[in-house]
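Just below is one structure, and these are the notes that go with it.
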Amino acid sequence: MGTGLSHFRGFVAESFRDEGRVEGRGVAVPDEARQRISSCTDLAVLDVWFERAVTAATAEAVIDGG
């Protein structure tokens with residue numbers, strides 16, 4: 001699935017991905033949220049969730065917008 005930044009290639013994009021992996025925000029993802037995210041095939045919804053995930057403090061805030 002190619003949403004978010006996964007389609008960007010190159011040194012700068014890879015360095016951002018590496019930085020995110022190293023910093024790890026530590027947001028807990030309950031099993032129910034993980035299942036809902038994993039099973040979603042609507043790219044528009046996934047794009048919204050991706051945008052929210054940048055600043056969200058919880059998985060619920062990503063999915064529900066709260």
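Note that the structure is predicted; figures quoted are calculated from it, not measured.
- The only option from Val48, Thr55, Val54 that meets the side-chain contact (heavy atoms from CB on, under 4.5 Å) definition with Arg52 turns out to be Val48.
- Hydrophobic clustering of Ile, Leu, Val, Met, Phe, Trp and Tyr side chains at less than 4.5 Å, counting indirect connections, keeps Val29 apart from Ile63.
- Atom CG of Leu46 and atom OG1 of Thr41 lie 8.0 Å apart (nearest 0.5 Å).
- For the residue pair Ala56 and Val27, the shortest heavy atom distance occurs at O-CG2, 4.2 Å.
- Trp49 is connected to Leu43 through a chain of hydrophobic side-chain contacts under 4.5 Å among Ile, Leu, Val, Met, Phe, Trp and Tyr, so both are in one cluster.
- Under the salt bridge (Lys or Arg N to Asp or Glu O under 4.0 Å) criterion, Arg34 pairs with no residue at all, not counting sequence neighbours.
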